[in-house]
Amino acid sequence: LPEASVGLLPCGGGTQTLPWLVGEGWAKRMILTNERIDAATALSIGLVEQVAAPGRALEYCKTLIHEARGAALSLERERFVDLFDGADQREGVNSFLEKRKPRWTNG
């Protein structure tokens, strides 16, 4: 996470995903101080599941897995916006505020 060294913050979920993987303390340490960690430390703090020798197939697989996460986040955001102004969304909020069961219309 080199962004702090140039006055930026990590994008692509860095500030959101990293704390879930390694805990808030390690996430702050890595993001705020630009600390680099070695493979053994990454393994011990839960950033990685296993340390493996580099290879083209591994590189491709890691890239595809990461890309899937990004696409899913984008799609999640789109679907949230799609649902946000619907009748069921309004009913859900109103029923919560009125402390009653919602009457869904699938609208």
Side-chain angles (χ1 to χ4, degrees):
L1 301 169
E3 293 88 353
S5 66
V6 294
L8 296 172
L9 60 87
C11 59
T15 63
Q16 303 302 299
T17 305
L18 190 58
W20 287 96
L21 293 172
V22 300
E24 187 176 327
W26 268 103
K28 285 180 179 177
R29 184 172 166 174
M30 294 170 66
I31 292 169
L32 300 176
T33 69
N34 192 35
E35 181 176 341
R36 306 281 178 161
I37 61 171
D38 60 20
T41 303
L43 182 62
S44 72
I45 66 173
L47 182 59
V48 298
E49 298 292 325
Q50 182 176 355
V51 177
R56 181 165 282 205
L58 290 175
E59 179 184 335
Y60 287 169
C61 290
K62 284 173 54 177
T63 299
L64 290 168
I65 291 167
H66 288 265
E67 289 296 323
R69 181 179 1 155
L73 289 173
S74 177
L75 182 58
E76 177 186 63
R77 186 172 40 254
E78 288 177 32
R79 293 301 168 254
F80 177 82
V81 170
D82 290 345
L83 294 173
F84 195 77
D85 195 31
D88 276 348
Q89 184 273 328
R90 285 188 298 277
E91 171 61 14
V93 170
N94 288 335
S95 67
F96 174 79
L97 293 173
E98 297 167 6
K99 296 181 180 5
R100 61 174 173 79
K101 290 191 178 207
R103 294 181 291 272
W104 306 117
T105 62
N106 295 319

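Within the 4.5 Å cutoff, side-chain heavy atoms of M30 are placed close to those of L18. Side chains of W26 and L47 form no contact here, defined as non-hydrogen atoms less than 4.5 Å apart. Residues R100 and N94 form a side-chain contact, since some pair of their non-hydrogen atoms from C-beta on lies under 4.5 Å apart.
Rounding to the nearest 0.5 Å gives a distance of 12.0 Å between CG of L21 and CD of Q16. Here the CD1 atom belonging to I31 is positioned 10.0 Å from the CD atom belonging to E24, to the nearest 0.5 angstrom. We find the CD-OG1 distance between E35 and T41 to be 8.0 Å, quoted to the nearest 0.5 Å. The line from OG1 of T33 to NZ of K28 is 12.5 Å long, rounded to the nearest 0.5 Å. The CD atom of E91 sits 13.5 Å away from the CZ atom of F96 when rounded to the nearest 0.5 Å.
Closest of all the heavy-atom pairs between A87 and T105 is CB-OG1, 4.1 Å. Nearest heavy atoms, A27 versus V22: N-CG2, 3.7 Å. In plain terms, the two heavy atoms of V51 and A39 that are nearest each other are CG2-O, 3.8 Å. Scanning both residues, G14 and P19, for their nearest heavy atoms gives O-CD, 4.0 Å. Scanning all heavy atoms of the two residues, the minimum distance from E3 to P10 falls at CD-CA, 3.7 Å.
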